[in-house]
Protein chains: 2
Amino acid sequence: MNRANRGMNLTQQVADTLGNAIINGKYGAHNPVPSEAVLCEQLQVSRSAAREAVKSLAAKGLITSRARQGIRVLPESEWNLFDADVLRWMRDSNPSLELLREFTELRVAVEPEAAMLAAQLQDHEKITLIGQALDRMKDAETGLDDPLESDIAFHLSILNASGNRFFMQLGRIIDTTLRVSIRFTNRRTGVNAGVHADHKKIYDAIVDRQPELAAKQASNLMSATLSTILSALEENSSANKA
Amino acid sequence: MNRANRGMNLTQQVADTLGNAIINGKYGAHNPVPSEAVLCEQLQVSRSAAREAVKSLAAKGLITSRARQGIRVLPESEWNLFDADVLRWMRDSNPSLELLREFTELRVAVEPEAAMLAAQLQDHEKITLIGQALDRMKDAETGLDDPLESDIAFHLSILNASGNRFFMQLGRIIDTTLRVSIRFTNRRTGVNAGVHADHKKIYDAIVDRQPELAAKQASNLMSATLSTILSALEENSSANKA
DNA sequence: TATATAGTATTTATATGATAATATCGCTTT
DNA sequence: AAAGCGATATTATCATATAAATACTATATA
């Protein structure tokens, strides 16, 4: 089962194993998932554990499980991309630029709106947290803090300051994927002083109660990120043609 | 258990019953959810059914379930608003304008971006579907089609034409909530000829390959919707003060 | 009195076996 | 060839038992 076993209970371990296998394409239309009974034998767990794992994956949209039909892998369009596990499995097993692009398109839409709402709402407590994340980014420039974690903290703090529950929840998913995205973007463009400065523009606009400007600054930042990804995709496709 | 029983299996019925009860506030910090054993008795189901329902609700972020601790209701901030069930329960039990506002803020962010991508991608098959939904909206003006369903179909078809998997998946959630939102907005502003015309502007921009314009038109439409909700919220709060 | 420690009880986690419901397949009948 | 029917495999549900985790309690110790 290749269990990582880090605090996960048996059901979660089984779900993790199966989920990874499905997303890797080990099971699919032509290679159906074995029946519950067979799964128990293969993974050496009880039916309870196997069943609960199967239910879990069904809830995530990966499979259906019906009597006499067995366990069927659903088409990828049914997979719930807003589930942190699904996203993590996809991220790890199939780290495609394509998924990263689509994800960034979502951020292009969401983050400027969140910055705008934060500037309108003026929740000082939460705006303070944005400032603290920004300070961490500055420290990261001189190696005093982690550039990845501080960058993530900044973006999440803006979503949290929006006061919008949907945006806040997107934060969790964004967290999962940012850990790949930022690493990728920084590798391509280099971590330089500009990063902190660009983020500061957003923070300043929020503090100055300028919603439109905050949205604009966030939009600029996200567009730049998207451009980086798009040009990488261009390179890949031209490389494939050659 | 008050089971609707419409095609749902036992586990789903239990989850539905419990989910509704939790969101209605029947269980909470001071009224913890009974232990699995008690739930079995109360709902007259086996331990398996109760357990799988509990697992399901835990996956949705409503509860945690740990040994000796029992089943605890999590704070509302943990509830997964991107789960169709959770959203439906909240919508039905607590149809607050506040939630509708936050949801519309999400749409304000997402739908213009989706329209822009649709105009860029030019997937003719999917753009045709937008046109068909628009035709249905026109029919709805003369009573030949359902205004609610056609309106929903239009917005979903744009998300689908974006080619972005995250936007497409948001469609499902939007579907759930639009069934309240559109009814509310139409009740306030009246269903008039302007509705079809405003939607057509988006469609035309997509067909004409004008991404910026498509985004702008979608933004106008969504902003108007949000304004309607915001003014209703104003009225409520001033009515409460009086 | 305060704090640490071991023990106890409660609850979920996992395992096992049995029965019910149901979708699929093949056979029969018309 | 189509429709109906029964056999069969598989999940759904139930029932029960044991293990593991953990909050609470009582006791001992400083």
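Letters A, B, ... mirror the listed sequences (proteins, then strands); counts begin at 1. Bear in mind the structure is a predicted one, so any value in this text is a computation, not a measurement.
Counting distance only, with no hydrogens placed and no angle test, the side-chain atoms of A:Arg47 and the base atoms of C:dA15 include no donor-acceptor pair under 3.5 Å. At a cut-off of 3.5 angstrom, counting only N and O atoms as typed in the model, there is a donor on one side and an acceptor on the other between the side-chain of A:Ser48 and the base of C:dA15.
Distances were taken from every side-chain heavy atom of B:Ala67 (C-beta onward) to each of D:dA12, D:dA21, D:dC14; the shortest belongs to D:dA21.
Contact detail for B:Glu105 and A:Glu113: the closest heavy-atom pair is O-CG, 3.9 Å. Here the closest non-hydrogen pair linking A:Phe82 and B:Phe82 is CB-CB, 4.3 Å. A pairwise comparison of heavy atoms in A:Val86 and A:Asn80 identifies CB-O, 3.4 Å as the closest pair.
Phosphate proximity of C:dA13 to B:Arg51: present, with a side-chain N or O under 4.0 Å from OP1 or OP2. One finds no side-chain N or O of A:Arg68 lying less than 4.0 angstrom from the OP1 or OP2 phosphate oxygen of C:dA21. Taking side-chain N and O atoms only, A:Gln69 has no distance below 4.0 Å to OP1 or OP2 of D:dT11. Under 4.0 angstrom from either OP1 or OP2 of C:dA23 there lies at least one side-chain N or O belonging to A:Arg66. Taking side-chain N and O atoms only, A:Thr11 has a distance below 4.0 Å to OP1 or OP2 of C:dT14. The side chain of B:Ser46 contributes an N or O atom lying less than 4.0 Å from OP1 or OP2 of D:dC14.
C:dT16 atom P lies 12 Å from atom CD of A:Glu41, rounded to whole Å. Distance, A:Leu43 CG to C:dA15 C1': 15 Å, rounded to whole Å. Computed from coordinates, the B:Glu52 CD to C:dT14 P distance equals 13 Å when rounded to whole Å. When rounded to the nearest whole Å, the span between CD of A:Gln44 and C1' of C:dT16 equals 14 Å. Residue A:Glu36 contributes atom CD, which lies 15 Å from atom C1' of C:dA18 at whole-angstrom precision. We find that CE of A:Met8 is positioned 16 Å from P of D:dA21, with the value rounded to whole Å. Rounding to whole angstrom units, CD1 of residue A:Ile71 and P of C:dA23 are separated by 16 Å. Per the geometry, CG belonging to A:Leu10 stands 16 Å off P belonging to D:dA19, to the nearest Å.
Residue contacts for A:Arg72: at a heavy-atom cut-off of 4.0 Å it reaches the sugar-phosphate backbone alone, with no base atom in range. B:Ser35 comes within contact range of the sugar-phosphate backbone alone, with a heavy-atom separation under 4.0 Å but no base atom that close.
Contact annotation: the side chain of B:Arg72 never approaches that of B:Val33 to less than 4.5 Å [non-hydrogen atoms, C-beta and beyond].
With hydrogens and angles left out, the side-chain atoms of B:Trp89 and B:Asn24 include no donor and acceptor closer than 3.5 Å.
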